[in-house]
Amino acid sequence: MDLLDGNLELKEVQKLQGHTDRVWSLAWNPATTATDVPAVFASCSGDKTVRIWEQSPSTRSWDCKAVLEETHTRTVRSCAWSPSGKLLATASFDATTAIWENVGGDFECVSTLEGHENEVKSLCWNASGSLLATCGRDKTVWIWEVMPGNEFECLQVLQGHTQDVKMVQWHPTMDILFSCSYDNTVKVWWSEDADGDWSCVQTLGESSNGHSSTVWSLSFNAKGDKLVTCSDDLTLKIWEADIIRMQSGDGYAPWNHLCTLSGYHDRTVFSVHWSRDGIIASGAADDAIRLFVESKDGLMNGPSYQLLFKKEKAHDMDINSVQWCPGEKHLLASASDDGTIKLWELATLP
């Protein structure tokens with residue numbers, strides 16, 4: 001499919017109902033990329049529950065397979081699967097993080113992580129599944145080490161943000177952690193050696209062509225050498241770093257601003273996700289989903305990105321999360337304040 005030929009449609013495959021409050025976040029189970037495993041994702045909501053959705057291999061339709069409830073006492077804001085797909089971590093406004101394990105089809109809460117002073121906003125596993133990061137309204141980022149027997153030990157509490165931390169995200173191949181905040185910045189945390197302390201090695205702020213308002217979300221491209229951020233300032237920004245230098249052990253290489261996508265959104269951009277084949281999806285408070293791709297021209301002044309498609313009124317209210325399925329190339333899930341989840345397929349018009 002040549003994406004820039006036009007004639008594309010974001011086709012609604014199914015609308016999933018069940019949550020009784022806004023749906024905050026979605027996470028695809030990475031194990032479902034295998035050909036013989038049904039696709040599965042988790043969703044979490046203001047109704048204090050997490051739902052597990054699975055696609056039937058025969059009918060291709062999606063059904064709720066489990067409701068994880070009676071563990072969190074307030075909104076569940078974020079969910080993330082471990083790289084193996086065996087564990088699901090959930091972050092709640094009740095100041096706890098719960099770890100769930102799929103035991104013969106039943107999900108059991110096997111660990112509860114406490115320490116944040118108040119709302120836990122986001123969490124993310126590193127690429128090997130050995131570390132879990134959490135962040136919260138208390139302006140801190142915590143790094144937990146995964147120990148045998150579903151034990152988790154806090155390795156370090158990272159302080160540096162001056163406001164609520166909205167999201168944490170590990171780099172897809174290296175143990176470098178990124179956090180976005182209400183203080184309008186993205187901070188980059190890394191440790192010189194495996195047993196060393198983590199420190200903030202870079203702040204992507206307004207002085208470095210960064211955002212001028214709350215940064216809500218970020219996502220990496222497949223190679224991990226580019227990063228996209230989205231903000232309350234109505235823009236998306238693309239950043240680039242020399243990851244080959246970092247992977248070769250030659251020290252930290254800074255992220256540099258490549259370009260800003262502005263003029264596309266007129267309300268806050270809450271979520272952004274980069275697909276494996278290079279399509280950036282954004283979800284915003286204007287109820288629309290937009291797709292962007294790198295432009296074929298404009299390489300004279302560095303890469304530029306263009307709007308590929310805009311789906312107006314994708315939901316009835318704010319879109320809080322957009323996530324590409326890691327397996328099927330052009331399947332996108334979106335979650336909204338309207339309490340629904342929708343599955344979309346990017347298809348070529350006949």
Side-chain angles (χ1 to χ4, degrees), residues 19 21-30 40-53 67-69 71-83 85 87-100 107 109 111-126 129 131-144 146 152 158 161 163-170 177-182 186 214-220 229-230 268-273 281 283 318-324 326 333-337 339 341:
H19 283 296
D21 200 329
R22 68 184 57 175
V23 187
W24 276 113
S25 178
L26 299 164
W28 290 93
N29 187 323
V40 169
F41 69 89
S43 61
C44 59
S45 164
D47 65 12
K48 309 174 195 168
T49 73
V50 178
R51 285 177 172 258
I52 310 293
W53 307 86
V67 181
L68 317 188
E69 53 193 347
T71 292
H72 288 300
T73 57
R74 292 184 63 196
T75 289
V76 188
R77 180 67 179 80
S78 178
C79 52
W81 298 92
S82 64
L87 298 175
L88 177 70
T90 55
S92 171
F93 284 6
D94 65 13
T96 71
T97 298
I99 309 293
W100 306 80
F107 283 83
C109 180
S111 197
T112 303
L113 315 186
E114 295 176 346
H116 282 285
E117 286 172 25
N118 39 40
E119 289 105 317
V120 189
K121 293 289 180 81
S122 169
L123 34 68
C124 184
W125 304 81
N126 70 340
L131 299 171
L132 178 72
T134 58
C135 67
R137 189 177 153 195
D138 60 10
K139 308 173 192 170
T140 65
V141 175
W142 292 50
I143 296 179
W144 306 82
V146 184
F152 288 75
L158 308 177
H161 283 295
Q163 298 275 345
D164 189 341
V165 189
K166 295 290 186 194
M167 185 186 197
V168 278
Q169 193 73 36
W170 289 98
L177 183 63
F178 294 71
S179 55
C180 346
S181 168
Y182 204 73
V186 175
T214 302
V215 188
W216 278 95
S217 172
L218 63 89
S219 179
F220 294 91
T229 54
C230 69
T268 302
V269 193
F270 288 124
S271 179
V272 64
H273 195 231
D318 295 10
I319 297 170
N320 297 315
S321 183
V322 284
Q323 292 287 318
W324 291 102
S334 59
S336 166
D337 273 7
I341 296 147

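Treat the numbers as computed from the prediction; the structure is a model and nothing was measured.
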Please list, chain by chain and in numerical order, all residues satisfying side-chain contact (heavy atoms from CB on, under 4.5 Å) with [X], sequence neighbours excluded.
X: Ala95; result: none
X: Ser122; result: Ser78, Cys135, Met167, Val168
X: Ala333; result: Leu26, Trp28, Leu343
X: His72; result: Val76, Thr90, Ser92, Asp94, Thr96, Ala98

[Y] backbone acceptor or donor facing [X] side chain under 3.5 Å:
X: Ser321; Y: Ser334; value: no
X: Asn126; Y: Leu131; value: yes
X: Asp337; Y: Asn320; value: no
X: Ser217; Y: Cys230; value: no
X: Thr49; Y: Leu68; value: no
X: Thr75; Y: Phe93; value: no
X: Trp81; Y: Pro30; value: no

Please work out whether the ring planes of Phe220 and Phe178 are parallel, tilted or perpendicular, with thresholds of 30° and 60°.
->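 The arrangement is perpendicular - the two ring planes meet at more than 60°.
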Inter- and intrachain pairs under salt bridge (charged side-chain N to carboxylate O under 4.0 Å, His left out), touching residues 133-142, at least two apart |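 Every salt bridge (charged side-chain N to carboxylate O under 4.0 Å, His left out) pair that includes a residue of residues 133-142, provided the two are not neighbours, is Glu119-Arg137.
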Stepwise side-chain contact (heavy atoms from CB on, under 4.5 Å) check, Thr97 with Phe152 | CA-CA 11 Å; Thr97 298; Phe152 288 75; over 6 Å; no
What's the separation between atom [atom1] in [X] and atom [atom2] in [Y], rounded to the nearest 0.5 Å?
X: Arg22; Y: Asp47; atom1: CZ; atom2: CG; value: 11.5 Å
X: Glu69; Y: Cys109; atom1: CD; atom2: SG; value: 13.0 Å
X: Ser43; Y: Arg51; atom1: OG; atom2: CZ; value: 7.5 Å

Who pairs with Trp142 by ring pair (Phe, Tyr, Trp, His ring centres under 6.0 Å), at least two apart in sequence or on another chain?
->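 With sequence neighbours excluded, Trp142 shows a ring pair (Phe, Tyr, Trp, His ring centres under 6.0 Å) to His116, Trp144, given in chain and number order.
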Would you name the heavy atoms of Ser179 and Val141 that are closest together and state the gap between them?
->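 That closest heavy-atom pairing would be CB-CG2, 3.9 Å.
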Under the criterion side-chain contact (heavy atoms from CB on, under 4.5 Å), which of Leu123, Leu132, Leu88 is the partner of Ile99?
->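 Going through the options one by one, the only one that passes is Leu132.
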Whether over 12 other heavy atoms sit under 6.0 Å from Gln163 CD =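 Yes.
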